[in-house]
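Below, chain A is the first sequence line, B the second, and so on; all start at residue 1. Given the structure is predicted, the values throughout are model-derived calculations rather than measurements.
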Amino acid sequence: MTSLKYRRVNVSDEHHLRNGALKAHSDLKQGSNNLKNGYHVTEKVQKNGNGDSFYQPRVRGEDSFEEAPMYVAVMTYMGYGIVILFGYFRDFLRAVGLEKCHQAQEREEQKDFVPLYQDFENFYKRNLYMRVRDNWNRPICSLPGPVFDVMERVSDDYNWTFRLTGKTIENVINMGSYNYLGFAENNVDFLKTVAEETRQYGVGVCSTRQELGNLSIHEKLERLVAEFLGVESAMAFGMGFATNSMNIPALVGKGCLILSDELNHTSLILGARLSGATIRVFKHNNMQSLEKLLKEAICSGQPRTHRGWKKILIMVEGIYSMEGSLVRLPEILALKKKYKAYLYLDEAHSIGAVGPTGRGVTEHFGVDPNEVDVLMGTFTKSFGATGGYIAGKKELVDYLRSHSHSAVYATAMSPPVVEQIIRAIKCIMGVDGTTEGQRRVRQLSENTRYLRSRLKEMGFIIYGNQDSPVVPLLLYLPGKVGAFSRAMLKRKIGVVVVGFPATPIAEARARFCVSAAHTREMLDKVLQSLDELGDHIRVKFSRHRPSRRQELYNETDFEQDS
Amino acid sequence: MFNVSAVAWIWNYDLSVGIVTSARSAAVSVLRMDMKNMREYVGWLYYQYLLITGIYVLEPWEQSIFNTLLFTMVAMVIYTSYVFVPIHVRLALEFFSELVRGQPESTVALMNSR
């Protein structure tokens, strides 16, 4: 593996009109200093908080992970215990033959072999998941924007098979799609360029990036992504999951150490395992745990030989999608510099969704994006397309162009999708001449704050940071999970509930994804339904319920203010 | 059995809006002999029992089995406590009162006298 020497290079690009107060300067200044939206790119390495006044370290709200009262945990385990007992009873009936087994079974000749369907995962799927399966994979028949149409389906044999009744439930409010900036839309004006580019380039590429599939539109996209993020260079891939799993093996290998957060996504874990490096896990967002691991790693080196590690890579995510918590970026950067490690930041959910102009967690914390070694993100969530990118120094991206599995073996991205990403990024940056992008970013952060504060007031337990648009609402008990989802659908609101394999067994939750396309009326309707349902089902477990809003004409308040 | 009619109510609970949820209004409805609200409240309590024990996800015949078992155990507990607890309490009281009052007397004399 070649050694990666990092040398700063200027980003050469056209001068677009950008939003922000310094529009005039960007057209006049030449040479090494380009002012873009408050980022000052110079030859010297920028330190966090030093030198340029644009890098104001921002105060970060605290993540909340409130614990439920003890009786809730007891009831949760009791509920699971009872349903598992019934699961064993039904398995016994199926084994004896009193009941027909709807699931796949081994053939008669294979009964003496190692059993295929006896592990806990299959048991759970047969006996717990199947009973409430109608809450997932609901068929929809419209665009998944802020509202959508759900097809009604019923089951005659307790969720083993479904049939569609033919009716459609219309205008269901969509609280589950990752539609943070509302780009999942069907507006003819916005999509004109996409239609033009499709006519020009076609739909399929039929080749990999390294052979015949490197189109000029791909290069345009990568330059635009690098400019959007404020880094030197970027590369785009066709699939977000594959961006992680196929590029981490290209960056690290045997003899390297990966320090990965407890709650990292499966794609990161898969990429780490495929690379062959040693993996150590630190507690979620816990800097003491990370520092301990770093110290140990540097002091003792590799496991048996005690040689130094070739590379230490810290893998974290911008927003964790199941918890809604933000990464502690300034602390991690400080640790990284102290112990000379590299940082891989996966901004799948946070790009476009946090930060005053939608540039992600680096902007949210006021940190120079060039300090993060590998910036990764996806176009699936905030940009309404598919695919992922990796951005960073030019040497890194050039290396990945020749050594990444995706570049060599995977088909290139399809031109309409690329054009959709280009138009979405241009909209957010304001390059297309409107303020629509910035309006959406602001609307998203307003909606997030409104929803989170109202839910906390009502007394629900909400996890995560106050600025993250992912809002998990804890339900805990297995019975309430199914009841909650069905009742919300009856009230014409579509929610996503998550249970055991994706979350710890005692912490089942409903996850809301706020969108910039949600209007205040939609959020009010959702909040009102949640209020009623929370009382009816009894999921308002929070013990820190803040006091009711004070009356407007309370004299003592005025005295304090003046 | 009781369960069969209750099962038909379950799906209604998921969408009923004006359900009686506070104990205070339930107590008021009992006082006023308001049968409809009372029945709704009892139905809501049964719904909570289904949710908390996790029985809500099971098929109706499994719910019947569980309810039968639970009812049987509760009935046995009530029977045992009704029949045997007074006897045990009386014996215990006699034992301790003899200990306190008649120190020289032996326990053998106490038992022979009964």
Side-chain angles (χ1 to χ4, degrees), chain A residues 71-72 74-90 93 98-99 127-135 154-160 475-492 499 508 528-529 531-540, chain B residues 1-4 6-29 36-77:
Chain A
Y71 69 87
V72 174
V74 170
M75 291 194 308
T76 308
Y77 285 118
M78 176 177 77
Y80 272 113
I82 292 176
V83 184
I84 286 180
L85 281 178
F86 271 99
Y88 279 124
F89 174 58
R90 294 292 291 271
L93 288 183
L98 286 173
E99 188 188 334
N127 296 309
L128 274 76
Y129 174 69
M130 278 296 170
R131 298 187 193 271
V132 281
R133 189 164 78 115
D134 58 306
N135 297 318
V154 292
S155 170
D156 301 314
D157 50 358
Y158 298 104
N159 290 346
W160 287 97
L475 298 170
Y476 296 106
L477 280 76
K480 295 192 181 176
V481 161
F484 184 84
S485 183
R486 286 176 193 147
M488 288 297 268
L489 187 60
K490 286 214 169 65
R491 286 173 164 76
K492 307 233 295 188
Q528 191 202 353
S529 306
D531 203 3
E532 286 167 12
L533 204 60
D535 284 327
H536 184 54
I537 290 188
R538 288 292 173 92
V539 277
K540 294 187 179 177
Chain B
M1 228 188 128
F2 164 73
N3 303 308
V4 176
V7 160
W9 293 359
I10 294 170
W11 302 107
N12 295 333
Y13 296 142
D14 286 336
L15 67 83
S16 60
V17 176
I19 196 87
V20 174
T21 54
S22 71
R24 198 167 7 107
S25 53
V28 165
S29 68
K36 185 170 172 299
N37 275 349
M38 198 44 201
R39 277 178 31 161
E40 257 187 40
Y41 181 63
V42 169
W44 178 78
L45 280 179
Y46 180 65
Y47 180 59
Q48 287 298 312
Y49 153 76
L50 289 179
L51 287 178
I52 289 176
T53 52
I55 303 293
Y56 176 83
V57 305
L58 298 179
E59 299 171 27
W61 59 275
E62 292 169 326
Q63 288 180 356
S64 307
I65 293 181
F66 183 81
N67 285 339
T68 313
L69 280 172
L70 190 66
F71 182 71
T72 314
M73 286 201 317
V74 168
M76 286 197 288
V77 165

Closest approach of [X] to [Y] (non-hydrogen atoms, all atoms of both residues):
X: Tyr56(B); Y: Gly482(A); value: CE2-C, 4.3 Å
X: Asp535(A); Y: Trp44(B); value: O-CZ2, 4.2 Å
X: Gln48(B); Y: His536(A); value: NE2-O, 3.0 Å

> Is it true that atom OH of Tyr49(B) has more than 12 heavy atoms of other residues, nucleotides or ligands lying nearer than 6.0 Å?
Replying inline: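 Yes.
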> Quick check: are there more than 12 heavy atoms from other residues, nucleotides or ligands sitting under 6.0 Å from OH of Tyr129(A)?
Replying inline: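 Yes - once you tally the heavy atoms of other residues, nucleotides and ligands closer than 6.0 Å, there are more than 12.
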> Of Val83(A), Asn127(A), Asn159(A), Leu128(A), which is the lone residue that meets side chain to side chain contact (heavy atoms under 4.5 Å, CB included) with Val57(B)?
Replying inline: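 It is Val83(A); the other options fail the test.
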> Under the criterion side chain to side chain contact (heavy atoms under 4.5 Å, CB included), which of Ile537(A), Leu477(A), Val539(A) is the partner of Leu51(B)?
Replying inline: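 The single option meeting the side chain to side chain contact (heavy atoms under 4.5 Å, CB included) with Leu51(B) is Ile537(A).
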>> Rounded at 0.5 Å granularity, tell me how far CG in Asp157(A) sits from CD in Glu59(B).
In response: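 These two atoms lie 9.0 Å from each other.
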>> I'd like to check the ring-ring contact (aromatic ring centres under 6.0 Å, His included) partners of Tyr80(A); sequence neighbours left out, ordered by chain and number.
In response: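 Residues passing ring-ring contact (aromatic ring centres under 6.0 Å, His included) with Tyr80(A): none at all.
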> Who passes ring-ring contact (aromatic ring centres under 6.0 Å, His included) against Phe86(A), sequence neighbours left out?
Replying inline: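 Applying ring-ring contact (aromatic ring centres under 6.0 Å, His included) to Phe86(A) gives none.
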> Ile55(B) versus Ile82(A): any side-chain heavy-atom pair under 4.5 Å?
Replying inline: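 With C-beta onward as the side chain, the pair touches.
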